[in-house]
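A short write-up of the structure that comes next.
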Amino acid sequence: MHKGRLEAFSDGVIAVIITIMVLELRAPHDGSLAALRPLISTFVCYLLSFVFVGIYWNNHHHLLQAAQKVNGAILWANMHLLFWLSLIPLVTAWMGENRFAPVPVAIYGVVLLFAGTAYYILARLLVKHHGEDSALARALGADFKGKISVAVYALAIPLALWQPWVALGLYVLIAIIWLVPDRRIETVIS
């Protein structure tokens with residue numbers, strides 16, 4: 001199967017996810033700067049989630065640029081990833097409105113953990129479909145960043161129940177790791 005519909009559908013879902021997240025930001029009814037203070041935690045959560053969704057979109061785009069074709073298992077793996085990404089607006093709003101309370105921070109981590117796992121599964125299925133000697137397989141290599149991300153999310157979830165700010169710091173650390181440009185796929189497909 002061609003990959004075009006999978007790319008278009010995924011791009012559309014991710015655009016809707018970002019739209020839903022921004023609609024959760026409510027403008028204050030007061031015109032003073034002080035009126036923005038209660039929105040700080042909501043905005044910080046939005047910013048973090050926007051970065052994560054952007055990272056997933058970027059990596060998904062690169063992953064599919066290196067892929068030539070898809071099959072039914074890949075379509076379902078992609079839906080699995082989109083399911084977890086679609087929960088990001090919910091957990092973002094919950095965490096922001098509750099000012100980084102332990103349970104929302106932990107559940108945010110659960111969604112990130114499952115999204116990371118789903119992305120890893122999608123990447124592995126694409127490698128399997130294209131072959132271990134394919135350009136895609138060479139580009140992904142051992143996928144250290146993917147594996148370490150999942151491990152850090154798994155560590156941060158129980159930690160969030162005890163020290164939510166430390167867990168948030170770990171989430172930010174993973175975002176920073178992924179923001180550092182990874183040229184593996186670009187190099188291989190060039």
Hey, are the side chains of Pro28 and Leu36 touching, using non-hydrogen atoms and a 4.5 Å cut-off? yes
Tell me whether Leu90 is reachable from Ile14 by hopping between hydrophobic residues (I, L, V, M, F, W, Y) whose side-chain heavy atoms are closer than 4.5 Å. no
Looking just at side-chain N and O atoms, do Asp11 and His60 make a donor-acceptor pair shorter than 3.5 Å? no
Where Ala154 and Leu113 come nearest, the two heavy atoms and their spacing: N-CD1, 4.1 Å
Mind checking whether Val111 and Val103 sit in one hydrophobic cluster, side chains of I, L, V, M, F, W, Y counted as touching below 4.5 Å? yes
Closest approach of Phe52 to Tyr171 (non-hydrogen atoms, all atoms of both residues): CZ-O, 3.2 Å
Under a 4.5 Å cut-off applied to non-hydrogen side-chain atoms, are Arg124 and Leu140 in contact? yes
Atom of Ile174, atom of Ile148 and distance for their closest heavy-atom approach: CD1-O, 4.4 Å
Hits for side-chain contact (heavy atoms from CB on, under 4.5 Å) against Trp76, two or more places apart or cross-chain, chain-then-number order -> Met79
Do you know the tightest heavy-atom contact between Phe100 and Pro164? O-CB, 3.6 Å
Do other residues, nucleotides or ligands put more than 12 heavy atoms under 6.0 Å from the CZ atom of Phe114? no
Is Leu33 atom CG crowded by more than 12 heavy atoms from other residues, nucleotides or ligands, each under 6.0 Å away? no
Do the ring planes of Tyr119 and Tyr56 sit parallel (below 30°), tilted (30 to 60°) or perpendicular (above 60°)? perpendicular
Take atom NZ in Lys69; do more than 12 heavy atoms of anything else shown fall under 6.0 Å from it? yes
Between Asn78 and Ile74, is there a donor-acceptor pair closer than 3.5 Å when you use the side chain of the first and the backbone of the second? no
Keeping Lys147 on the side-chain end and Ala142 on the backbone end, is there a donor-acceptor pair under 3.5 Å? yes
Residue pair Val127 / Glu132, side-chain heavy-atom distance below 4.5 Å: yes
Could you tell me whether the side chains of Trp57 and His61 share a donor-acceptor contact shorter than 3.5 Å? no
